[in-house]
Protein chains: 2
Amino acid sequence: MPEQSTGPRPTLEAVAARAGVSRATASRVVNGGAGVRPPLVEKVRKAVDELGYVPNHAARTLVTRRNGAVAVIIAEPEFRVFSDPFFEQQVRGISRELTAHDAQLVLLWVEGPGDHDRIARYLGGGHVDGALAFSLHNDDALPAVIDRTRIPVVFGGRPSPGTSPAVPFVDCDNRGGAREAVRHLVDLGRRTIAHISGPQDQTSALDRIHGYRDVLVDADPALLCQGDFTEESGARAMAELLDRRPDVDGVFVANDLMASGALLTLRERGVRVPEDVAVVGFDDMDSVVRRTSPSLTTVHQDIEGMGRLMVKLLMRLLEGTGPEIPPSVITPTSLVRRDSA
Amino acid sequence: MPEQSTGPRPTLEAVAARAGVSRATASRVVNGGAGVRPPLVEKVRKAVDELGYVPNHAARTLVTRRNGAVAVIIAEPEFRVFSDPFFEQQVRGISRELTAHDAQLVLLWVEGPGDHDRIARYLGGGHVDGALAFSLHNDDALPAVIDRTRIPVVFGGRPSPGTSPAVPFVDCDNRGGAREAVRHLVDLGRRTIAHISGPQDQTSALDRIHGYRDVLVDADPALLCQGDFTEESGARAMAELLDRRPDVDGVFVANDLMASGALLTLRERGVRVPEDVAVVGFDDMDSVVRRTSPSLTTVHQDIEGMGRLMVKLLMRLLEGTGPEIPPSVITPTSLVRRDSA
DNA sequence: CCATGCTCTGAGAGCGCTCCCAGCCGGAAT
DNA sequence: ATTCCGGCTGGGAGCGCTCTCAGAGCATGG
């Protein structure tokens, strides 16, 4: 039971004095106790408990040049980013893995280019050991800003080619997943397979289109319709697709939210799923998949795992000797068959 | 243009040397430059720029005992908390206000009682100047854990009476808002007004029930139905209400999400809104209100503003002389009339 | 011309910690 | 018994910064 010390927080000095050892030995014990004889370790541990000693983080950082904190940079482009379940899961994974590494999560919320200066100053100021960021839009200047601080960074999602040369990132196999989804529709005997894509300035959306084209090399361009990853846009795109090609019998939708919208439109128009039109989504987002009817066949990706992976990569970067750049990671996807296809 | 210094980061010492002044003077300039003659200020500023000097945060913290960081404690009880638009808005407000105060947001994600120890150690370790937390469930042990660290803290939402004595908090006028909502229904001439409440272990839900009862002192208990703040629970509650009292002509729902569910049920049953049943929600959550039909009359609260207020209160606590406890703040609510009532 | 008072500057003492290095001690080898 | 060695321990030097305090510099008043 720590003493209800009323004065200032006890220092290592106090612990050492109480344990009858030197500050150096006390420090060794606090940091794992390697190379200290058991009886002394015990004494120091006891003193720590009795005094309720907690190491002063600033003092430690000052000398070790490590502060055990990692910045998570959340850029908010137009609308909701945070309330996006995708982000939630990824940040959760990050948070968990960071905790496992005894590191703290410092949230940097970027609202626009006006914040770039502040962010750069913060990252450059040695407040954090590294940073985690997400590549959102191809035209985003943020990656360059982060890169310029020369702080170790790992991206979530493959940055667009325009970005700085070799930034490690974690992404799922968007293209492969898309291929699998489309092949599944083909295997089901569908002949007229459409694709509702995401915004063209995001690599994930682009990759999924490429995956679609990989399988359907000469698909009618009329079968491609662009959405913006929202449910409404999916509904709208489906309506347009139905108007353009009433004979469509399969749709691969670039994310679950849009797929849910597409399902709504199909039901409204009296089109049976999967009998008339088979639908495959992407993401396997719990909150969406659970409530669609019929239940959504979709491409699963381990979002939380990707978050954890980002942290692991960053830790390797931080501990890594020399400026060697760790390889980026592409995580596998898998098709989850439910009722919509 | 900062020099592309390749070596270690420049220190104040280096800046002072380059400017031809002492470290003390350089420090003064870096910290605002009060009491330093203009020509010297200029020289130091120039040296800072040329060297690309950024103060070492740890060293500064070590002596000032302030580190310019505030913890935001997010507890995740059962399900989504983060993806909750309510939280998003509040955290956004917090983030913005913190930025305005040049303070950082350190996110502490608590997944369960197992994390309490870690959190306590972190808060007690002087990593942050203060903490912001949210009171979620009455039975939550977290407030007590936080309180024991003796770190300044401000709560979002009124903590339950069982919690530590006098913790400052920011909450909206749940009871008053509820009263206004119910009175509006009364003014509309509704005679049989029901209430769909939130979970009874949250003070906000309780306060809203109290507001309902304030106006409808002897309402039939059958008119009270409990949900859990989710859309589905609202739909279910509405169905039950309709079964119990088919003559119901007004409903005050404890949050917008449940109100949206209630609206769905009403439409399904062919009940016209607002002609047959008038519906009033609570929160004025943009994402919900915009998509209901008819558009939802609801009680507005300034969620982002509450987040900012939490920070302001905390800052006052931190700068405050002595252990004086600043008063909690109850922010006003206002009824927003739309089509559902 | 010196005393006085003011403003501005710089020397230096830490803040609490880690880590290098010298020294101590006990046991094995000679 | 002496030497040597290796494992432990403690002294002490900093990490980069802030802040107190003494003193330098200058202008003013007597």
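Labels below follow one simple rule: chain letters A, B, ... track the order of the sequence lines, proteins then strands, and each chain is numbered from 1.
- B:Ala26 and B:Val15 make their closest contact through CB-CG1, 4.5 Å (heavy atoms, listed as atom of the first residue, atom of the second, distance).
- Atom CG of A:Asn67 and atom C1' of C:dT18 are 16 Å apart (whole Å).
- B:Leu51 places its CG atom 13 Å from the P atom of D:dG16, with the value rounded to the nearest Å.
- Side-chain N or O atoms of B:Thr99 include one that pairs as donor or acceptor with a backbone N or O of B:Ser95 at under 3.5 Å.
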Item to complete: Scan nucleotides 4-10 of chain C nucleotide by nucleotide, 5' to 3', and note B when protein non-hydrogen atoms come under 4.0 Å of the base, S if they reach only the sugar-phosphate, - if neither.
Response: ----SBB
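- When the P atom of C:dG16 is taken as reference, atom NE2 of A:His57 falls 16 Å away, rounded to whole Å.
- B:Asn56 has no side-chain polar atom (N or O) that falls below the 4.0 Å cut-off from OP1 or OP2 of D:dC15.
- No donor-acceptor distance shorter than 3.5 angstrom exists from the side chain of A:Asp129 to the backbone of A:Val70, with no hydrogens or angles considered.
- Taking atom NZ on A:Lys43 and atom C1' on D:dC8, their separation rounds to 14 Å, with Å as the unit.
- Axis orientation changes by 60° from one end of the helix from C:dC1-D:dG30 to C:dT30-D:dA1 to the other, with each end axis drawn from 5 pairs and the value rounded to 10°.
- Following rounding to the nearest Å, A:Leu62 (CG) and C:dT18 (P) show an atom-to-atom distance of 11 Å.
- The CD-C1' distance, from B:Glu13 to C:dA11, rounds to 11 Å in whole Å.
- A donor-acceptor contact shorter than 3.5 Å is absent between the side chain of B:Ser27 and the backbone of B:Arg23.
- Taking every side-chain heavy atom of A:Ala59 into account, C:dC17 is the closest of C:dC17, D:dG16, D:dC17.
- Checked by atom type and distance alone, the side chain of A:Thr61 never pairs as donor or acceptor with a backbone atom of B:Ala58 at under 3.5 Å.
- Using a cut-off of 4.0 Å between Lys/Arg side-chain N and Asp/Glu carboxylate O, B:Lys46 and B:Glu42 are scored as not salt-bridged.
- Here D:dG16 presents its C1' atom at 18 Å from CZ of A:Arg60, a figure rounded to the nearest Å.
- With B:His127 contributing its side chain and B:Tyr122 its backbone, the two residues share a donor-acceptor pair below 3.5 Å.
- For B:Ser27, the listed nucleotide lying nearest its side chain is D:dT18; candidates were C:dT18, D:dG16, D:dT18.
- Contact detail for A:Phe169 and A:Gly157: the closest heavy-atom pair is CB-O, 3.8 Å.
- Between B:Arg96 and A:Glu111 there is a salt bridge, since a side-chain N of the basic residue sits under 4.0 Å from a carboxylate O of the acidic one.
- Atoms CG (B:Leu12) and P (C:dG12) sit 17 Å apart, rounded to a whole Å.
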